[in-house]
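A quick write-up on the structure given underneath.
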Amino acid sequence: MGKFNFIKTEIDGVYIIEPTAFGDNRGYFMETYNEADFKAAGLNYTFVQDNQSSSRKGVLRGLHFQKTYPQAKLVRVLKGEVFDVAVDLRKGSATYGKWAGVILSEENKRQFMVPRGFAHGFVVMSETAEFAYKCDEFYHPEDEGGIMWNDPEIGIEWPDVGEIILSEKDKKHPKLSESKITFEV
């Protein structure tokens, strides 16, 4: 087995990535990113920014995107557990409006590759979670966009975490059909 297992999802470009962890009585070591291995798998990204957040159980961040400066994101969990989601917003895509999701945790060490042209979000399933991700475009606060996290047309099957905690901004996102945002494939 290589250092990474790249698992294709039903949506083109979205991957679940399983790094290989080498452990012994001291703990473990793993690579979380290797440009050559990612390029060999067809994932040709140049990451320019790393971000990290801490959230408590029930916090749902999303569904976010940047309108004119779309970002690809390589996401992972350092502590705790989240359910992470990508929604295809690419005009002309066979999977436009469809979603893919995965549980990311400190135990499974999985990562999720979300390409440009997707809305992204996650909900915290554990008491707290530390979430980290790489982006291939810088953050532009004036360029933010979003889709309603529970849009019935998309139908994301979020896990039951009790009360959902949203930011004021995330409470106001429109449905996909009301948003008018699409990205070129």
Side-chain angles (χ1 to χ4, degrees), residues 9-16 45 47-77 80-105 111-126 128-185:
T9 67
E10 53 284 343
I11 299 179
D12 186 40
V14 178
Y15 284 81
I16 297 167
Y45 295 101
F47 294 109
V48 298
Q49 182 175 321
D50 283 4
N51 298 323
Q52 185 168 335
S53 68
S54 177
S55 305
R56 62 187 174 103
K57 185 174 185 171
V59 167
L60 192 145
R61 296 182 186 264
L63 299 163
H64 302 148
F65 56 86
Q66 290 193 155
K67 300 173 205 166
T68 54
Y69 300 99
Q71 296 174 309
K73 297 176 181 178
L74 177 61
V75 304
R76 65 193 181 102
V77 168
E81 182 176 58
V82 308
F83 182 68
D84 198 84
V85 174
V87 179
D88 191 348
L89 302 180
R90 300 172 297 175
K91 184 168 108 180
S93 167
T95 53
Y96 176 81
K98 305 292 183 203
W99 64 277
V102 63
I103 292 175
L104 304 175
S105 71
Q111 300 179 71
F112 202 40
M113 184 70 238
V114 180
R116 289 180 176 198
F118 283 74
H120 172 257
F122 66 90
V123 67
V124 177
M125 300 169 65
S126 52
T128 60
E130 298 287 330
F131 187 84
Y133 58 103
K134 298 181 158 316
C135 301
D136 77 336
E137 175 60 68
F138 294 105
Y139 172 65
H140 298 272
E142 73 287 353
D143 196 40
E144 291 179 333
I147 300 292
M148 181 189 306
W149 70 277
N150 59 349
D151 183 341
E153 296 168 29
I154 298 171
I156 297 170
E157 296 171 15
W158 296 100
D160 182 6
V161 295
E163 179 190 359
I164 296 292
I165 304 163
L166 298 167
S167 70
E168 288 306 309
K169 183 172 46 177
D170 286 348
K171 289 177 183 177
K172 298 174 183 168
H173 293 313
K175 292 181 181 179
L176 178 58
S177 62
E178 299 165 348
S179 103
K180 298 183 180 69
I181 190 74
T182 56
F183 297 97
E184 296 298 321
V185 177

Neighbour count >12 (heavy atoms, 6.0 Å) for atom CD, E142: yes
Polar side chain donor-acceptor pair, Y139 to E144, under 3.5 angstrom: yes
Nearest heavy atoms of P70 and G117, plus distance in Å: CB-N, 4.2 Å
Candidate pair H64 and D170, rule side chain to side chain donor-acceptor pair (under 3.5 Å), full reasoning: CA-CA 9 Å; H64 302 148; D170 286 348; 2.7 Å; yes
Side-chain heavy-atom pair R56, V124 within 4.5 angstrom cut-off: no
Main-chain N/O of E81 paired to S126 side chain as donor or acceptor, under 3.5 Å: yes
Interatomic spacing from CG in L104 to CZ in F112 - rounded to 0.5 Å: 7.5 Å
Backbone of F138 reached by a side-chain donor or acceptor of Q66 within 3.5 Å: yes
Minimum heavy-atom distance between D136 and A72, given as atom pair plus value: OD1-N, 2.7 Å
Pair F65 + F118: ring centers closer than 6.0 Å: no
Least distance between heavy atoms, G97 atom then I154 atom: O-CG2, 3.8 Å
Residue pair R116 / E137, side-chain heavy-atom distance below 4.5 Å: yes
R90 versus T182, side-chain donor and acceptor atoms under 3.5 Å: no
Contact check, side chains of R61 and S55, non-hydrogen atoms, under 4.5 Å: yes
V161 vs V59 side-chain heavy atoms within contact, under 4.5 Å: no
Donor-acceptor pair, side chain of N51 and main chain of Y133, under 3.5 angstrom: no
Value rounded to 0.5 Å, distance of SG in C135 from NZ in K73: 6.0 Å
For F47, ring pair (Phe, Tyr, Trp, His ring centres under 6.0 Å) partners two or more places apart: Y33, Y45
NZ on K172 to OG on S167, rounded to 0.5 Å: 9.0 Å
Beyond-backbone contact of V102 with F83, side-chain heavy atoms, under 4.5 angstrom: no
Side chain to side chain contact (heavy atoms under 4.5 Å, CB included) between V123 and V82, intermediate numbers included: CA-CA 5 Å; V123 67; V82 308; over 6 Å; no
Close side-chain approach of D88 to D12, heavy-atom, < 4.5 Å: no
Partner set under ring pair (Phe, Tyr, Trp, His ring centres under 6.0 Å) for Y69, not counting sequence neighbours: H140
Sub-4.5 Å side-chain heavy-atom contact between K67 and I181: yes
I16/T9 under side chain to side chain contact (heavy atoms under 4.5 Å, CB included): CA gap, chis, key distance, verdict: CA-CA 7 Å; I16 297 167; T9 67; 4.1 Å; yes
N/O donor-acceptor pair under 3.5 Å between W149 side chain and H173 backbone: no
Any side-chain donor near an acceptor of the partner, D84 and H120, under 3.5 Å: yes
Between CG on residue L176 and CG on residue D151, distance to nearest 0.5 Å: 6.0 Å
CA sep, side-chain torsions, deciding dist, call: L60, F122, side chain to side chain contact (heavy atoms under 4.5 Å, CB included): CA-CA 6 Å; L60 192 145; F122 66 90; over 6 Å; no
Y15: ring pair (Phe, Tyr, Trp, His ring centres under 6.0 Å) partners, not counting sequence neighbours: none
Residues K134, D50: salt bridge by 4.0 Å N-O rule: yes
Point-to-point distance, once rounded to the nearest 0.5 Å, from CZ of F183 to NZ of K91: 12.0 Å
Candidate pair I156 and L63, rule side chain to side chain contact (heavy atoms under 4.5 Å, CB included), full reasoning: CA-CA 11 Å; I156 297 170; L63 299 163; 3.8 Å; yes
Validation row: K98, I11 side chains within 4.5 angstrom (heavy atoms): yes
